[in-house]
Structure formats: structure tokens, C-alpha cells
Student: 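Structure in C-alpha cells, see below.
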Amino acid sequence: MTCVPQQSPRIFAAPLPMFGRAAAAALLCGACGVVFAPVLMPAVTAWCALCAGVLLWCSWGRGRWFGALLVGIGWTTVQGQAGLDLQLPAHATSREYAVQGRVVDLPQHGPRSTRFRFRVDDDPAQPTLLRGRELALAWYDATPTRAPAPRLAVQAGARWQIQARLRPPRGLRNPGGFDAERHALLQRLAGTGHVRGGRALGPPTGLPAWRERMAAAIAVQVPGPGARFVQALALGDTRALRQRDWDDLRALGLTHLIAISGFHVGLVAGFAAVLASLVWRPVPMLGLYWPRPLAAALAAVAGASLYAAAAGFALPTVRTVLMIAVVALARCTRRPGTVGQSLALAALAVLLVDPLSLLAPGFWLSFAGVLWLVWCLPGRDLHWLRTFLAAQSVATLALLPLTVALFGQASRAGPVVNLLAIPWWSLVVVPLSLLGTGLEAVYEGAGRWPWRAAAACFEASWWLFGTVAKQPWALWWAPLAGAGAVPAALFGVFWLLLPRAAGARLPALLLCLPLLWPARDRPGPGEVELLVMDVGQGLAVWVRTHRHRLLYDAGPAAEGGFDAGERVVVPTLHAVGEAGLDRVLLSHGDRDHAGGMPAVRLHFGTPPLHAPAGAVRADLTPCQSGDRWRWDQVDFSVLHPPATMAYAGNASSCVLRIQTVHGAVLLTGDIGHVEEARLLAAAPGALRAEVALVAHHGSAGSSSPDWVQAVAPRLAIVSAGHGNRFGHPRWEVVQRWRAAGAEVLGTADSGALRIWLGRDGLQVREQRLFERRWWDAAERARSAAILSAVINTADGPEG
């Protein structure tokens with residue numbers, strides 16, 4: 001598929017349009033410069049840039065692009081700082097608040113917990129830091145009980161008075177992992193926390209309550225598995241979708257079609273515009289009062305707005321509505337323009353309303369997709385089928401670099417599956433789902449048959465797609481690439497889509513290789529690499545030699561809740577370029593160490609499992625002292641537990657020593673003082689290590705003074721969750737390791753820790769410092785602590 005660039009008139013001395021393509025491109029560049037910078041500029045500088053930019057944009061005809069650039073820099077900085085100011089202070093500790101407010105989204109009820117969004121009343125009686133702000137809350141069952149849990153009474157749109165323990169938004173940081181702090185900034189969340197107790201103050205009301213009633217009606221009136229997909233397509237309610245559903249959708253490249261996406265909002269807007277035109281055509285008199293093009297434009301905005309309301313005004317739908325509204329306004333004011341100019345207007349509107357939209361992957365995929373199609377298919381007079389196939393091929397190839405860069409994966413089955421799913425789901429299933437929702441809103445029970453028809457049509461295609469999704473070749477994971485790989489790949493795709501006479505294809509393909517097949521530096525023989533993942537209160541360590549890979553523990557997992565194996569370990573291993581494991585070694589069977597093991601074994605072909613006898617219910621090889629093996633000139637030996645020891649939880653943890661010619665690594669699990677003393681008595685000379693894992697997450701029941709002196713590492717690593725309820729790591733434990741000459745680093749503040757032990761000595765990389773982001777909570781907390789110390793010193797006796 002090749003592109004024919006659209007010819008555009010040259011502009012030399014003529015003033016640039018105020019809201020033209022040059023202004024949109026300059027505004028985008030300015031906003032990108034801020035969003036992707038490691039730090040935010042000072043607020044005073046940002047306001048100066050914004051004011052100067054507005055003046056230049058409005059007055060300097062030839063230099064309007066420069067004014068737009070300054071506006072992009074200043075306005076994005078101001079909005080970024082405002083978003084951070086909405087949050088609880090980054091250095092604040094977890095504390096309890098009593099607040100009143102409303103549940104503003106559909107609550108997610110699980111077996112042991114309920115999660116929901118809560119907006120605090122903008123009332124002087126509420127805590128100052130929380131007035132009018134939104135929180136992401138979780139309500140857990142304290143103990144299992146047969147009586148209905150109070151949390152199950154939480155409904156969308158209901159008012160509640162709650163007692164909650166809150167803290168600033170904070171997430172895990174791993175290579176290629178989900179950025180929870182960026183998500184909190186996008187959602188304008190003030191904090192996160194868990195509910196200690198509460199009582200309802202009133203019945204559910206408003207749009208959230210209506211959405212929940214509609215979702216419940218679909219669940220009752222539509223039998224079979226298709227009901228959960230109808231809920232997603234009609235209301236944006238994905239609560240009933242299982243993890244297996246999302247895995248299949250990713251493998252098929254269809255996540256953009258499930259829930260209410262910008263694509264579906266655009267389809268509804270187009271349908272509303274066509275419907276208005278059909279009404280106006282047979283009644284010419286209507287055109288005397290309101291011209292048909294204007295009626296079609298307003299109908300498109302109204303249809304898109306109603307559909308976005310049904311989705312609870314999710315960010316992608318709001319962005320699409322704004323784009324449609326801008327284009328409709330230009331049509332109503334009878335401003336002539338091309339599709340490219342309309343796209344520029346839409347980009348200007350989105351960036352001026354919310355420049356932080358650049359942090360959302362949907363922004364890039366939606367605008368880039370339309371831009372590629374406008375450039376590659378400029379007004380071709382083709383048959384509709386050929387046009388659809390050409391558009392699909394262009395979108396698949398052109399968006400591949402962005403898809404890989406944003407999600408770290410791509411669907412091999414997607415190009416073919418989308419040819420069937422897009423017309424069938426978008427033109428059949430979605431209209432039937434919306435018809436049922438509209439009828440149900442008018443008369444209770446009237447939506448039953450359209451909803452059932454939508455579910456039947458969906459299931460007729462899902463059985464085929466589900467078979468494809470389960471094929472091992474359907475989904476391709478891409479390793480993380482360097483910063484310059486994405487621009488190079490985009491230029492390569494641009495080259496590929498040029499007319500055939502523009503040049504050879506081989507150089508274009510070579511430009512894509514750094515992103516699609518990045519170079520990976522493996523340890524040499526006799527060297528070892530470790531990645532201590534940031535899994536919260538738990539442990540997962542990936543160990544790699546020249547040709548072998550070991551996973552030591554698999555992270556925590558809660559029943560019906562967060563699974564670090566699925567959410568952290570699997571994506572991280574794919575991000576570092578690993579598609580398999582030679583061995584999984586579980587230190588012991590506690591859920592914070594072994595909970596993620598099923599997900600890991602599912603994705604990596606059930607590698608051999610080693611663990612203490614009785615630790616987990618699975619086929620395993622017992623892990624016991626005396627076990628030894630050698631990989632690539634690196635020796636592995638198990639120091640604990642003894643073969644005769646009965647399983648005893650933490651005390652049975654497998655202690656693994658990794659010996660290289662450049663030093664040793666000691667992985668200790670959750671052993672305590674008793675086990676440390678036993679190892680000291682058995683082999684005191686075998687404990688010295690360059691790198692050591694602080695046992696039991698830094699608890700007071702481990703890391704005895706004799707143990708610390710015997711190990712004497714240069715680097716001590718603590719894997720613990722930020723602000724965990726156990727108080728790990730204990731201050732006295734950290735000081736003990738530091739006194740022995742070790743640098744102590746923790747995943748709570750550093751994120752994932754990548755360590756190399758080889759011919760260049762000991763090297764370590766902290767994920768939060770390696771990929772610095774101005775919304776990073778740990779870095780802002782560290783800066784606040786340093787500033788506080790400086791202020792306290794200045795205010796002291798000698799200040």
C-alpha cells in the first residue's frame with residue numbers, strides 16, 4: 001500500500017491562519033516538550049511563556065507558530081502543576097479522614113473487596129485538602145462472614161459518609177509497566193485509600209445511578225455470556241469482563257472496539273447526522289428555518305454527547321465529542337476547510353482544553369490514525385470495499401510503531417480479525433445495544449429483545465475470534481527499545497507508504513528494526529544480571545546468565561484482586577525481551593511470594609518449578625540445602641532449608657547463593673533470626689556477597705547484627721511496598737546494613753532495581769531515576785523532604 005501526498009499551496013509571506021495546521025503543529029510540539037520532560041519548569045516562567053505566547057499568536061501573523069509553541073509550553077506546564085496540586089502532598093503519610101460525598105462511577109464488587117470513585121463534597125465542613133476532589137477507594141472485608149458485607153451496599157450515584165485511610169497517588173514502577181501515577185494525574189485524582197467504615201446518606205441519583213440500573217437490566221434480561229459484552233458496548237461498563245476476556249481481546253487487537261471508544265462515538269455521531277439529513281430531505285420547509293447541513297452538524301454533536309453520557313463521560317469519549325463539536329462549529333459558521341484543517345481544529349481544541357491528554361495513548365492513536373488516512377487516501381474515488389481494505393492496511397502498518405511503543409505488544413491476528421469485527425460489531429452489535437438502551441430508558445423491559453439480538457450477534461462472532469485468540473502466534477510481545485527507536489520507525493513507515501518511485505524499501509525496513517527488534521545486551525559467560533521487580537509488599541527477582549533465566553519468587557496475588565504475576569512479572573519479563581524461563585524457584589508458599597506463580601507458568605509454558613516440599617500444591621522439585629547447578633560459568637547453590645526440615649512457612653525459605661568470578665549474590669526469602677543463626681553456624685564463610693536481599697522485607701525479626709556482618713554486601717536490597725502496614729523496612733534494620741558499609745536501596749522509592757555483576761564490577765539502575773517523570777510521586781516526595789530539611793535548618797538556632 002502506498003500513499004499519494006496531497007498537494008498544498010505554498011505560503012511565503014502571507015500571514016499564517018490563527019487556527020491552521022501550522023499553529024496546531026506548534027502547539028502540539030510545545031505541549032510534547034513539557035509532557036515528556038523529566039521536570040516541570042517554574043510556575044512563574046510558565047505563566048510568562050503563556051502570556052507572551054498568547055500575544056504573539058494573536059498579533060504576529062507570520063510568527064503565529066512561535067506564539068502557539070509558547071502557549072503549548074506555558075499552558076501545559078500550568079495544567080500539569082494544577083493537576084499535581086489537586087493531589088495530597090506527595091510526602092504526606094497515610095492518615096484517616098472522615099468525609100462526605102458521592103459515588104461517581106460504577107463500583108466494582110469483588111469476592112472480598114469493592115472499588116469505587118468518590119467525589120468529596122465541596123463544603124467547608126470537609127477537610128480542606130479534599131474539598132470537591134475525587135478519590136479512588138477500596139473497601140475490603142475485614143473477616144470472612146456469611147452476612148452481606150456493608151461494602152455491597154455501595155451504589156453509583158449514592159451519597160455516603162465514610163471513614164477512610166488516604167494517601168497520595170502512588171504506583172509501581174517497572175520496565176514496560178503500567179504507570180499508575182500518570183493515570184491518577186489524567187483522572188485528576190487527589191488520593192487513594194481504603195475505607196474503614198461508612199453509612200449511606202441517600203439513595204442513588206443522577207447519571208451514574210441510571211448507568212448502573214441499565215447495566216443491571218442487561219444482566220437480568222440477557223442470558224448467556226454475551227451480556228457482559230453488551231454492557232461494555234452500550235454503557236462502557238467493563239466490570240463483568242474477566243482477565244481472560246481482556247487477554248483474548250489484546251491477542252485479537254480488538255480492545256479499541258470494546259467499551260465505548262472514540263471510534264464508536266464517531267460512528268454514532270455520523271449516524272445521527274445521516275438521520276437528521278433524512279428527516280430534512282422530504283420536508284423542504286424545514287430548510288427555511290434551519291439549513292440541513294447545520295441540522296446534521298448539531299445532530300452529530302447531540303448523538304455523540306448522549307453516547308458519551310451513557311459511558312459516564314470517560315476521557316476518550318469526551319475527547320471525541322470535543323473534536324466533533326469543533327468540526328461541527330466550523331461547519332455551522334460555513335468555514336470552508338479540508339479534512340486536514342478540520343483535524344487541526346480538533347487537535348487545537350483538545351490541547352487547549354486539556355493538554356495533559358497527550359499522556360493518554362488514545363490521543364496518539366486516534367489523531368495519528370486519522371492523519372495517516374487523510375495523507376494516504378486523499379479523495380480517492382474507489383469502491384467502498386477497496387477503500388475499506390486500503391484504510392485497514394494503512395492503519396495496521398502506520399499505527400504499528402505507536403502500538404508497540406505504547407503497549408509493548410501487537411496483534412498478529414489483528415489485521416485480519418479487524419476486517420470482520422469492525423463492520424460486524426460497529427454496524428450491527430453496537431446499534432442493537434444502543435437501541436435496547438434507548439428503549440429501556442423510555443419503557444422498562446422494552447430493551448430486552450434488542451439487547452438479546454446484540455448478544456446473539458456478538459456471540460456468533462466471538463466463538464470464532466476466541467479460537468484465534470488462543471493460538472500462540474496471535475499476540476507478539478516487543479522488548480523495550482531506546483528513545484530514538486520510535487521516531488526512526490515512524491519515519492520508516494512514512495518511507496514505506498510513499499509512492500513506489502520514491503526509493504528502495506530496504507532502508508525503510510531497517511529504520512523499523514530498532515523498535516521491532518531492539519538490540520539486547522546479555523551477560524557474558526561468568527556474569528549475572530538481576531532485576532528486582534517493584535511488586536509492592538512481596539518479592540519477584542529475575543536472574544539471567546549468558547544463556548539461562550531464573551525467576552526467584554513471583555510476586556503477590558490477592559484472591560479476586562491484584563495479581564502481580566499477571567500485572568507486573570509477565571509484562572516486565574516481556575519488556576526485557578524474555579519469552580521463556582529455564583526455572584522458577586519459590587522461596588516459600590506465602591501469597592506475597594508465590595501468589596503470581598500460576599500466571600507466570602501460564603504465560604511461560606510451565607517451566608520447571610522448585611520450592612520447599614509442601615509449599616504449594618503443584619508438581620515441584622524440592623528445594624533443599626545441597627542443591628547445586630552451574631549455568632554459563634555461574635554457580636548456583638541452595639543453602640537452606642535442610643532436607644529433613646518440615647515445611648514451616650517463612651522459616652523454610654529457600655536461600656539461594658549465586659557465585660560468579662566477580663562476586664556473589666545472596667537471595668534470602670523470608671528467613672528470620674533462627675535460620676540466620678543456623679546458617680552462620682553451618683557455613684559462615686559461604687555468606688559473603690556483593691549483593692544481598694534483605695530478608696523478610698526488612699522486618700525486625702531478621703537481619704541480625706552477626707548476619708549483617710557476615711554477609712557484608714556492597715548493595716542491600718529491600719523489596720517492600722510503600723507505606724505498608726507492617727512498617728517494612730524497619731529503621732534500625734536499614735541502619736544496621738548501612739553501618740556494615742552497604743548501600744541500601746528499596747523498590748518502594750527506587751522502583752525496579754536492575755543489577756549487573758560482571759567484568760565492569762557492580763552496577764545498578766533505579767527505574768524511577770532511569771526514566772524520570774515530573775509526576776513521579778517518589779521523586780516529588782524526596783524533593784519535598786530535602787526542601788523541608790533545608791527550611792528546618794534555616795529556621796534553627798543558627799538560621
Side-chain angles (χ1 to χ4, degrees), residues 6 8-37 39-85 185-186 188 297 301 315 318-360 362-364 366-368 370-371 374-375 487 774-775:
Q6 210 170 3
S8 58
R10 295 183 178 180
I11 299 175
F12 294 97
L16 293 174
M18 188 169 182
F19 300 109
R21 286 171 287 188
L27 184 68
L28 177 63
C29 290
C32 287
V34 174
V35 164
F36 299 120
V39 295
L40 282 178
M41 68 173 64
V44 174
T45 307
W47 278 107
C48 291
L50 178 60
C51 294
V54 171
L55 290 175
L56 291 174
W57 195 353
C58 296
S59 59
W60 188 20
R62 299 180 186 176
R64 280 193 171 124
W65 65 270
F66 186 64
L69 180 71
L70 291 178
V71 168
I73 295 172
W75 183 234
T76 306
T77 304
V78 169
Q79 287 294 303
Q81 190 60 59
L84 295 179
D85 290 343
L185 179 64
L186 268 173
R188 305 303 196 270
V301 175
L315 286 179
V318 172
R319 183 171 59 245
T320 306
V321 170
L322 185 60
M323 294 166 61
I324 293 171
V326 169
V327 175
L329 179 63
R331 185 73 178 271
C332 290
T333 55
R334 297 188 174 133
R335 290 175 57 90
T338 63
V339 177
Q341 290 167 340
S342 299
L343 188 65
L345 279 175
L348 285 167
V350 171
L351 292 175
L352 290 175
V353 171
D354 184 13
L356 298 186
S357 294
L358 292 174
L359 295 173
F363 175 91
W364 297 99
S366 58
F367 275 101
V370 176
L371 188 61
V374 169
W375 186 70
W774 51 263
W775 58 84

Student: Leu28 versus Leu358: any side-chain heavy-atom pair under 4.5 Å?
Tutor: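 Of all side-chain heavy-atom pairs linking Leu358 with Leu28, at least one is under 4.5 Å.
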Student: Could you walk me through whether Leu185 and Trp774 satisfy the side-chain contact (heavy atoms from CB on, under 4.5 Å) test, starting with their C-alpha distance in whole Å, then the side-chain angles of each, then the deciding distance to 0.1 Å, before giving a yes or no?
Tutor: CA-CA 11 Å; Leu185 179 64; Trp774 51 263; 3.5 Å; yes
Student: Go through the structure and list residues passing side chain to side chain contact (heavy atoms under 4.5 Å, CB included) with Val318, not counting sequence neighbours.
Tutor: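 Here the qualifying residues are Phe313.
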Student: Of all heavy-atom pairs between Gly33 and Ala37, which one has the smallest distance, and what is that distance?
Tutor: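 Minimum heavy-atom contact is O-CB, 3.3 Å.
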Student: Applying side chain to side chain contact (heavy atoms under 4.5 Å, CB included), can you list everything that pairs with Ala360, at least two apart in sequence or on another chain?
Tutor: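 Partners of Ala360 by the side chain to side chain contact (heavy atoms under 4.5 Å, CB included) criterion, ordered by chain and then number, come out as Leu186, Arg319.
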Student: Would you mind writing out the side-chain donor-acceptor pairs for residues 41-52 within the sub-3.5 Å range, not counting sequence neighbours?
Tutor:
none

Student: Which of these, Leu322, Thr320, Val326, sits in a side-chain contact (heavy atoms from CB on, under 4.5 Å) with Val350?
Tutor: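 Looking at Leu322, Thr320, Val326, the match for Val350 under the side-chain contact (heavy atoms from CB on, under 4.5 Å) is Leu322.
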Student: Anything under 3.5 Å between a donor and an acceptor, one on a side chain of residues 67-77, the other on a protein residue two or more places apart or in another chain? List them.
Tutor:
from  : atom 1 : to     : atom 2 : distance (Å)
Trp75 : NE1    : Leu352 : O      : 2.8
Thr76 : OG1    : Gly72  : O      : 2.6
Thr77 : OG1    : Ile73  : O      : 2.7

Student: Measuring from Met323:CE to Ser342:OG, what's the distance to the nearest 0.5 Å?
Tutor: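 Between atom CE of Met323 and atom OG of Ser342 there are 10.0 Å.
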Student: For residues 340-360, pull every pair meeting salt bridge (charged side-chain N to carboxylate O under 4.0 Å, His left out), keeping only residues two or more places apart or in separate chains.
Tutor: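 Those involving residues 340-360 are Arg188-Asp354.
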Student: With sequence neighbours excluded, tell me which residues meet side chain to side chain contact (heavy atoms under 4.5 Å, CB included) with Leu348.
Tutor: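 Phe19, Ala24, Leu27, Trp57.
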Student: Please round to the nearest 0.5 Å and tell me the distance separating atom CZ of Phe367 and atom OG of Ser357.
Tutor: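 Phe367 CZ to Ser357 OG: 8.5 Å, rounded to 0.5 Å.
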Student: Report the C-alpha separation of Val327 and Leu345 in whole Å, then their side-chain angles, then the decisive distance to 0.1 Å, and conclude whether the side-chain contact (heavy atoms from CB on, under 4.5 Å) test is met.
Tutor: CA-CA 7 Å; Val327 175; Leu345 279 175; 5.7 Å; no
Student: Which distance, rounded to the nearest 0.5 Å, do you find between the CG of Leu351 and the CD of Gln79?
Tutor: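 Output value for this atom pair is 11.5 Å.
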Student: Of all the heavy-atom pairs spanning Val301 and Ala328, show the shortest one and how long it is.
Tutor: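 Residues Val301 and Ala328, closest heavy atoms: CG2-CB, 3.5 Å.
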Student: Given side chains that start at C-beta, do those of Trp775 and Leu40 come closer than 4.5 Å, heavy atoms only?
Tutor: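 They are not in contact (no side-chain heavy atoms under 4.5 Å apart), so the answer is no.
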Student: Are the side chains of Arg64 and Leu56 in touch, meaning some heavy atoms are under 4.5 Å apart?
Tutor: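 No - every pair of side-chain heavy atoms lies 4.5 Å or more apart.
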